Amino acid sequence: MLTLNYIRENKDLVIKKLNIKNFDASELINRLIELDNNRKENIKEVELKKAEMNSLSKQIGLLFREGKQAEANQAKEKTGTLKEEIKKYDEQLSQIETEINTILTQIPNTPHDSVPAGKSEDDNQIEFTSTNQIDADSSRLPHWELAKKYDLIDFELGVKIAGAGFPVYKGKGAKLQRALINFFLDEADNAGYKEVQPPIVVNEASGFGTGQLPDKEGQMYHVGEDNLYLIPTAEVPVTNIFRDVIVNAEDFPIKTTAYTPCFRREAGSYGKDVRGLNRLHQFDKVEIVTIEHPDKSYQTLETMVKHVESLLIKLELPYRKLRLCGGDVSFTSALTFDFEVFSMAQDKWLEVSSISNFESYQANRLKLRFKEKGEKKTQLAHTLNGSALALPRIMAALLENNQTDDGIIIPEAIRRYCGFDIIK
RNA sequence: GGAGAAUUGGCAGAGUGGUCGAAUGCGGCGGUCUUGAAAACCGUUGUACCGCGAGGUACCGGGGGUUCGAAUCCCUCAUUCUCCGCCA
């Protein structure tokens with residue numbers, strides 16, 4: 001979330017910026033400032049009374065030790081009303097603070113200046129389209145037919161075991177998955193990201209830290225018995241490694257990568273673009289996360305984008321890069337680039353990566369701070385993450401685009417990972 | 001799952017009702033000494049909030065309670081360790 005101080009000091013700017021996200025914050029912010037004024041007043045009052053109480057208690061202690069029972073008991077009587085007043089103020093204060101926090105979590109991150117206005121994904125800016133794009137070709141089979149033809153993925157079997165959106169990968173299909181995961185992890189490792197294997201369930205505090213809770217509660221699978229959530233992305237456990245941490249500025253950038261399965265309920269998205277691998281409840285993804293100094297985060301976003309782009313180039317897939325518009329950039333993000341690959345059989349662009357700079361929005365929730373060398377004061381760090389990459393749609397595009405009369409050709413870059421160069 | 005013990009500052013560890021935001025040691029930072037380094041010695045060393053400032057308030061695993069006063073007593077939850085059970 002944004003910090004209260006930042007909102008106070010930049011009220012008009014925040015409102016103006018949030019307009020780009022089609023969010024009208026003026027009412028919330030006015031209420032927020034009013035509440036904050038109350039809060040400060042309240043604090044002044046209670047703390048004064050608490051100071052009084054503390055010194056009174058100290059005196060009572062002294063009197064007792066000196067054996068002046070009568071005086072001590074007299075002083076005790078004074079504390080009664082003071083105590084009640086403190087209790088009253090404390091209750092008010094916690095009420096005010098609860099409301100402040102509720103409002104703060106309802107205000108999205110402000111978009112970066114370069115985010116174009118727009119209502120939906122149709123208004124995203126196409127920044128780059130690779131030259132190897134091949135036109136739609138209706139003679140090609142979509143991946144769900146190829147999956148059946150070569151026995152690579154069994155969607156019905158997944159329905160039997162778990163339900164729709166939980167496919168079973170088989171034979172070379174499974175091997176291809178494993179190859180892609182290893183390829184992506186090795187590439188991330190080579191780019192300096194430290195590999196971790198985090199839990200794939202998280203507690204409430206973690207869900208809140210990265211912004212999935214409270215707003216996206218319905219999108220996550222919830223294990224009620226133990227109050228845990230299945231992760232929708234490795235971003236959640238990986239970024240939460242740094243919750244309540246104060247790092248040294250010299251340690252930036254802190255680069256982490258992880259492969260995890262991801263679980264999404266995708267409530268409400270049935271019926272549209274859900275065929276085959278296009279939208280699943282469980283899928284695999286390699287994620288990259290960077291914790292960075294505020295002065296360098298946009299530079300770092302650029303290098304993360306370049307990293308993802310290099311993967312698509314190595315996989316020889318036609319792709320394009322989009323700068324998300326205000327209507328499509330997520331609640332917590334300041335600037336997001338998407339990568340899409342072209343599916344020739346489906347004649348459609350498929351989103352395979354999303355790379356975002358959250359600036360200090362997540363860091364504030366996480367209490368992720370850093371200290372400049374020699375400085376005493378802490379500041380909020382910036383967090384960034386990106387998919388590098390999500391597997392299913394990559395798989396779909398590889399199968400569809402590389403089909404030939406002889407079989408499906410495996411791109412050079414991953415042959416050594418899967419041990420075969422064609423699927424027949 | 002059962003029984004017992006524990007949870008204190010970056011780490012180790014003292015503190016069982018007042019003078020405790022907390023001894024001491026280690027580590028970190030600054031300095032003296034040294035050609036330089038080490039050693040030794042001296043100083044310093046948590047976070048957040050309120051306040052122009054002086055200063056004040058809160059935090060000893062989380063939450064609640066008792067008390068004029070809680071790191072210290074009580075309740076509750078969580079976590080860790082030991083033993084037993086189960087087990088990849």
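A quick note: this is a predicted structure, and the numbers were derived from the prediction, not measured. Computed from heavy atoms alone, side chains included, the values below leave out hydrogens, waters and symmetry copies.
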**OP:** Assign Lys371(A) to base, sugar-phosphate, or nothing according to its heavy-atom contacts below 4.0 angstrom with the strands shown.
**Re:** sugar-phosphate

**OP:** Using the P atom on both, measure A12(B) against U7(B) and round to a whole Å.
**Re:** 12 Å

Original post:
Can you find a side-chain donor-acceptor pair between Arg243(A) and Asn240(A) that sits under 3.5 Å?
Top reply: yes

**OP:** Would you mind pulling out the nucleotide paired to C52(B), Watson-Crick or G-U wobble, both distances under 3.5 Å?
**Re:** none

**OP:** Using the P atoms only, state how far C75(B) lies from C26(B), rounded to an integer number of Å.
**Re:** 39 Å

Subject >> Under-4.0 Å salt bridge between Lys377(A) and Glu375(A) >> reply: no

Original post:
What is the pairing partner of U7(B), taking Watson-Crick or G-U wobble pairs with both distances under 3.5 Å in any strand?
Top reply: A78(B)

**OP:** Would you mind pulling out the nucleotide paired to G46(B), Watson-Crick or G-U wobble, both distances under 3.5 Å?
**Re:** C59(B)

Original post:
What is the nucleic acid contact for Ile60(A), judged by heavy atoms within less than 4.0 Å: base, sugar-phosphate only, or nothing?
Top reply: base

Subject >> Interatomic distance at P, G15(B) relative to C73(B), whole Å >> reply: 12 Å

Original post:
Using the C1' atom in both, what is the distance from A23(B) to G13(B), to the nearest Å?
Top reply: 10 Å

**OP:** Quick one: look up who A22(B) pairs with, Watson-Crick or G-U, both distances under 3.5 Å, and put none if it's unpaired.
**Re:** none

Original post:
If you measure from the Lys or Arg side-chain nitrogens to the Asp or Glu carboxylate oxygens, is any gap between Glu47(A) and Lys50(A) under 4.0 Å?
Top reply: no

Original post:
Just checking Ser57(A): base, sugar-phosphate only, or nothing, at a heavy-atom cut-off of under 4.0 Å?
Top reply: base

Subject >> P spacing across the pair U79(B) / A40(B), given as an integer number of angstrom >> reply: 43 Å

**OP:** In whole angstrom, give me the gap between the C1' atoms of A22(B) and A39(B).
**Re:** 31 Å

Subject >> A40(B) pairs with, by Watson-Crick or G-U criteria that keep both distances under 3.5 Å >> reply: U32(B)

**OP:** May I ask which nucleotide in the shown strands pairs with U16(B), Watson-Crick or G-U wobble, both distances under 3.5 Å?
**Re:** none

Original post:
Contact class for Asn54(A) vs. all strands (heavy atom < 4.0 Å): base, sugar-phosphate, or nothing?
Top reply: sugar-phosphate

Original post:
Distance between the P atoms of C74(B) and U16(B), in whole angstroms?
Top reply: 14 Å

Subject >> Side-chain ion pair, Arg279(A) and Glu266(A), N-O less than 4.0 Å >> reply: yes

Original post:
Just the endpoints, please: which first and last nucleotides of RNA chain B, 5' to 3', lie under 4.0 Å from a heavy atom of chain A?
Top reply: G18(B) to G69(B)

**OP:** Find which nucleotide of RNA chain B each of Thr79(A) and Lys58(A) is nearest to by heavy atoms, and output the residue with the more 5' nucleotide.
**Re:** Lys58(A)

Original post:
Between Arg415(A) and Glu412(A), is there a side-chain N and carboxylate O pair less than 4.0 Å apart?
Top reply: yes

**OP:** Return the 5'-most residue of the pair Asp36(A), Ala51(A) with respect to RNA chain B, ranking by each residue's nearest nucleotide.
**Re:** Asp36(A)

Original post:
Will you find, in the side chains of Asn203(A) and Ser206(A), an N or O donor that is under 3.5 Å from an N or O acceptor?
Top reply: yes

**OP:** For nucleotides U47(B) and A88(B), find the distance between their C1' atoms and express it as a whole number of Å.
**Re:** 42 Å

Subject >> Flag for Tyr221(A)-His281(A): side-chain donor and acceptor within less than 3.5 Å >> reply: yes

**OP:** Decide whether Glu400(A) and Gln346(A) meet the rule of one side-chain donor and one side-chain acceptor closer than 3.5 Å.
**Re:** yes

